[in-house]
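So the structure is just underneath, and the comments pick up after that.
Naming convention: chains lettered A, B, ... in sequence-line order (proteins, then strands); numbering from 1 in each chain.
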2 protein chains.
Amino acid sequence: MASISDVIEKFFKELLEQNQGKTIQIQRNEVAKHFDCSPSQINYVLMTRFNVQHGYYIESRRGGGGFIKITMLRADNSQPVHRVLLKEIGSEIAKTQANRIIKALNEQQYISERESSIMKAAMEDQVLISPLNNRDQLRAQLLKGMITVLFQR
Amino acid sequence: MASISDVIEKFFKELLEQNQGKTIQIQRNEVAKHFDCSPSQINYVLMTRFNVQHGYYIESRRGGGGFIKITMLRADNSQPVHRVLLKEIGSEIAKTQANRIIKALNEQQYISERESSIMKAAMEDQVLISPLNNRDQLRAQLLKGMITVLFQR
DNA sequence: TTTAATTGACTTTCTTTGACTTTAATTATA
DNA sequence: TATAATTAAAGTCAAAGAAAGTCAATTAAA
């Protein structure tokens, strides 16, 4: 039996489809009323089914005229380059290696000069302040995140 | 439903656009009357949507013949935009604020859509894994780093 | 018996409104 | 003419209202 969370998930996905899978904007209280559930149920659905891992991301505003915006990333995981890169980066990566990948992306014209500068800036040790020794993990997360948005269809 | 603040924001942005995004001059009471809101609502809109973070600044005069002038930072080459931004970002910044700045940079054509996506990806909470609670500091470092490379030449 | 879903009380953030203050320009008065 | 009074703006601030976020306790499902 489908839970109310599943029903709400489906509802959002249908809305997104109607909107060519770009972006939808909802009012939490409206949706909650419509499905006769508690408002925080909506947050639960978003958290568990519309996070970055699932290929969505959420923005919102509180107060009068507040809203929740769901954006579909539609990362194209089928592109071999993308898949290979994510795998190569893995869970941690050193600065040199990261820069090598960025350079290659630029050389093969996946990204512009400027784009590569931005990405390299985010790979710098001075920028990745981190009390524990998890710089390389952080760098991997960042690089994978940035590359993923690049390969959107 | 868009708040009245959103509507007024849009109104000013359209006026600015008609004026090649340089400067506009308005009368607070006129605008308030036009949108049937309290005059201080105008100040609220200016404070929250036309501050330096958003790439604008405000001048005004009280009394007879008083006015409010909105200037796009971009139009004012006496102020190095990135200096102002770096200062504004400071040592830590929340995701919402960061995204605001990125959006403004895109709107004012300092950066492309793709560049803004890359930067936003690096601002995500899920990406900024951090054992201690220093996400906002990390984000500030990253954003400042990326902005710096964009404005160097 | 561990994981997932539901609920609701409480918190935080953003917007709206209005009463009161300050400043500038104009008009009236000594 | 110099000053005072009046009027015409804009500024400030705090209270009330509107919406979303958080978190922990319970309940249901696997």
Side-chain angles (χ1 to χ4, degrees), chain A residues 1-13 23-54 56-71, chain B residues 1-12 23-54 56-71 92-101 103-104 123-126 133 135-136:
Chain A
M1 186 201 47
S3 67
I4 184 71
S5 288
D6 292 339
V7 177
I8 297 172
E9 173 187 2
K10 212 169 154 207
F11 174 72
F12 288 156
K13 291 197 169 157
T23 247
I24 56 171
Q25 201 163 304
I26 55 152
Q27 307 242 177
R28 193 180 72 151
N29 289 339
E30 293 304 303
V31 177
K33 212 180 290 170
H34 183 252
F35 288 104
D36 193 29
C37 64
S38 86
S40 56
Q41 179 92 53
I42 310 301
N43 297 78
Y44 178 73
V45 173
L46 294 174
M47 250 185 38
T48 55
R49 287 132 157 107
F50 292 87
N51 55 32
V52 175
Q53 281 91 344
H54 289 96
Y56 300 86
Y57 88 101
I58 303 300
E59 293 161 288
S60 67
R61 205 162 73 201
R62 309 184 187 189
F67 60 82
I68 297 179
K69 197 170 126 188
I70 307 177
T71 305
Chain B
M1 188 207 34
S3 66
I4 184 73
S5 289
D6 291 339
V7 177
I8 298 172
E9 173 188 2
K10 211 168 155 211
F11 174 72
F12 288 156
T23 248
I24 55 171
Q25 200 163 305
I26 55 153
Q27 307 244 175
R28 193 180 73 151
N29 289 339
E30 292 304 303
V31 177
K33 211 179 291 171
H34 183 253
F35 288 106
D36 193 29
C37 64
S38 87
S40 56
Q41 180 93 53
I42 309 301
N43 297 78
Y44 177 74
V45 173
L46 295 174
M47 251 185 38
T48 55
R49 286 130 158 105
F50 292 88
N51 56 32
V52 174
Q53 276 195 12
H54 292 90
Y56 301 86
Y57 76 90
I58 303 300
E59 294 160 286
S60 67
R61 203 163 73 205
R62 309 183 186 189
F67 60 85
I68 296 179
K69 196 171 128 189
I70 306 177
T71 306
E92 48 189 275
I93 192 168
K95 182 185 151 187
T96 332
Q97 301 280 99
N99 280 343
R100 238 173 234 168
I101 290 177
K103 190 175 164 217
M123 298 291 105
E124 283 296 316
D125 276 345
Q126 285 118 324
N133 252 14
R135 259 205 202 101
D136 287 350

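The side chain of R49(B) places an N or O atom within less than 4.0 Å of a non-bridging phosphate oxygen (OP1 or OP2) of dT15(C).
We find the NZ-OG1 distance between K69(B) and T23(B) to be 5.0 Å, quoted to the nearest 0.5 Å. The structure places OG of S60(A) at 10.5 Å from CD of Q25(A), a figure rounded to the nearest 0.5 Å.
Note on I4(B): only backbone sugar-phosphate atoms sit closer than 4.0 angstrom, heavy atoms only; bases stay farther off. Residue G66(B) is classed as a sugar-phosphate contact, given heavy-atom separations below 4.0 Å to backbone atoms only. Using a 4.0 Å heavy-atom criterion, one finds that R61(B) contacts the sugar-phosphate atoms exclusively. Using a 4.0 Å heavy-atom criterion, one finds that T48(A) contacts no nucleic acid atom at all. Note on N29(B): only backbone sugar-phosphate atoms sit closer than 4.0 angstrom, heavy atoms only; bases stay farther off.
We find that CD of E59(A) is positioned 15 Å from P of dA20(D), with the value rounded to whole Å. In this entry the distance linking CZ of R62(A) with P of dA19(D) reads 14 Å, nearest Å. The interatomic distance linking L46(B) (CG) with dG11(D) (P) rounds to 8 Å, in whole Å. Per the geometry, CG belonging to N43(A) stands 18 Å off P belonging to dA4(C), to the nearest Å. When rounded to the nearest whole Å, the span between CG of D6(A) and P of dA5(C) equals 7 Å. Rounded to an integer number of Å, the gap from N51(B) CG to dC14(C) P is 12 Å. When the P atom of dT16(C) is taken as reference, atom CD1 of I42(B) falls 11 Å away, rounded to whole Å. For Q41(B) and dT16(C), the CD to C1' distance is 5 Å, given to the nearest whole Å.
With dA9(D), dT12(C), dT15(C) as the candidates, the nucleotide lying closest to the side chain of Y44(B) is dT15(C). Considering only side-chain atoms of S5(A), the nucleotide from dG11(D), dT6(C), dT15(C) that sits closest is dT6(C). Comparing dA20(D), dA5(C), dC14(C) by their nearest atom to the side chain of I68(A) picks out dA20(D). Between dT17(C), dC23(D), dG11(D), one nucleotide has an atom nearer to the side chain of S40(B) than all others, and that is dT17(C). When distances are taken from the side chain of S38(A) to each of dG8(C), dT22(D), dA10(D), the shortest belongs to dG8(C).
Taking the six-membered ring for Trp and the full ring otherwise, F12(A) and Y56(A) have centroids separated by 6.0 Å or more.
Each of C37(B) and R100(B) has a nearest nucleotide on DNA chain C; the 5'-most of these lies closest to R100(B).
Look at dT22(C): its Watson-Crick or wobble partner, with both distances under 3.5 angstrom, is dA9(D).
Looking at Y44(A) and R49(A), their side chains come closer than 4.5 Å, going by heavy atoms from C-beta outward. Between R28(B) and N43(B) there is a side-chain heavy-atom pair separated by less than 4.5 Å.
No side-chain donor-acceptor contact under 3.5 Å links S3(A) and S5(A).
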